[in-house]
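Read the structure below first, then the notes.
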Amino acid sequence: QVQLVESGGGLVQAGGSLRLSCAASGRTSRRFSMGWFRQAPGKEREFVAAISWSGGGTSYADSVKGRCTISRDSAKNMLYLQMNSLKPEDTAIYCCASSWGWSRVTEAYNYWGQGTQVTVSS
């Protein structure tokens with residue numbers, strides 16, 4: 001089992017920045033990829049970004065590419081998402097997740113956090 005807890009969400013004006021964090025605990029000794037997903041009201045959960053277990057590989061949704069950076073500190077079992085130039089359409093609950101594979105697909109992820117709310121005002 002892996003437990004994931006997100007933090008860092010909040011209310012920010014358009015154009016602002018936020019840094020989301022995800023703390024992993026439990027069976028973190030295995031090598032796993034991690035990702036960020038988001039779900040806005042009335043919409044399906046969507047992929048935001050993913051990072052390989054080594055940190056050497058990253059992938060981003062087109063909607064956030066160039067504005068967001070995913071990173072991890074494996075020694076601290078931490079995952080981060082730096083979000084810049086935020087837009088109102090970025091408003092959503094952001095969840096981190098872990099996967100034994102490497103994927104942008106929700107179903108490939110085994111463990112999920114509860115999420116942190118990000119609200120971007122115009």
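The basis for the numbers below is simple: all heavy atoms, side chains too, and nothing from hydrogens, waters or symmetry mates. These numbers were taken from a predicted model, which means no experiment stands behind them.
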CZ-CG distance between Arg67 and Asp90, expressed to the nearest 0.5 angstrom: 4.0 Å
So which atom in Gly8 and which in Leu18 form the shortest heavy-atom distance, rounded to 0.1 Å? O-CD2, 3.8 Å
Non-hydrogen atoms of Gln117 and Thr91 that approach each other most closely: NE2-CG2, 4.0 Å
Can you see which heavy atom on Gly115 is nearest to which on Cys95, and at what distance? CA-SG, 3.6 Å
Checking Thr119 side chain against Leu11 main chain: does a donor-acceptor pair fall under 3.5 Å? no
Any donor-acceptor pair under 3.5 Å linking the side chain of Ser21 with the backbone of Tyr80? no
With rounding to the nearest 0.5 Å, note down the distance linking CD in Gln3 to CD in Gln114. 11.5 Å
Quick check on the hydrophobic clustering: are Phe37 and Val120 connected, directly or via other members, by side-chain heavy-atom contacts under 4.5 Å? no
Whether Arg19 engages the ring of Tyr94 as a cation-pi pair (distance to the six-membered ring centre under 6.0 angstrom, angle to the ring normal within 45°) should be assessed. no
Any sub-3.5 Å donor-acceptor pair from Glu6's side-chain atoms to Cys96's backbone N or O? yes
Test side-chain contact (heavy atoms from CB on, under 4.5 Å), reference Met83, set Leu20, Val64, Val12, output is Leu20
Is the terminal nitrogen or CZ of Arg31 (NZ for Lys, CZ for Arg) located under 6.0 angstrom from the six-membered ring centre of Trp100 and within 45° of that ring's axis? no
Any donor and acceptor pair, going by atom type alone, linking the side chain of Ser33 with main-chain N or O of Ser52 inside 3.5 Å? no
Side chain Tyr109, main chain Ser103, donor-acceptor under 3.5 Å: yes
Min side-chain heavy-atom separation Trp112-Arg45 under 4.5 Å: yes
Identify the two heavy atoms, one from Ala14 and one from Ser122, that lie closest to each other, and give their separation to 0.1 Å. CB-CA, 4.3 Å
Cluster overlap Val118 with Phe47, hydrophobic side-chain contacts below 4.5 Å: no
Contact summary for Asn84 and Ser17, nearest pair of heavy atoms: OD1-OG, 2.9 Å
Short side-chain to backbone donor-acceptor contact, Gln13 and Ser121, under 3.5 Å: no
For residues Ser59 and Arg104, is any side-chain donor paired with an opposing acceptor at under 3.5 Å? yes
Between Asp62 and Lys65, does any side-chain N to carboxylate O distance fall below 4.0 Å? yes
Looking only at non-hydrogen atoms, find the nearest pair between Tyr60 and Ile70 and report the distance. OH-N, 2.9 Å
Is it true that a side-chain atom of Ser99 and a backbone atom of Met34 form a donor plus acceptor pair closer than 3.5 Å? no
Do Leu81 and Tyr111 belong together in a cluster built from hydrophobic side chains that touch within less than 4.5 Å? yes
Spacing of CG belonging to Leu4 relative to OG belonging to Ser25, to within rounding of 0.5 Å: 7.5 Å
Checking side-chain contact (heavy atoms from CB on, under 4.5 Å) for the pair Thr116/Ile93: CA distance, chi angles, key distance, verdict? CA-CA 5 Å; Thr116 184; Ile93 295 174; over 6 Å; no
Testing Glu89, Lys87, Arg38 for side-chain contact (heavy atoms from CB on, under 4.5 Å) with Ser63, which one passes? Arg38
Could you please spell out the steps behind the side-chain contact (heavy atoms from CB on, under 4.5 Å) verdict for Val2 and Asn110? CA-CA 9 Å; Val2 176; Asn110 311 95; over 6 Å; no
Checking Cys22 against Met78 for the side-chain contact (heavy atoms from CB on, under 4.5 Å) test, could you report, in this order, the C-alpha distance in whole Å, the side-chain angles of both residues, the deciding distance, and whether it holds? CA-CA 6 Å; Cys22 173; Met78 293 294 296; over 6 Å; no
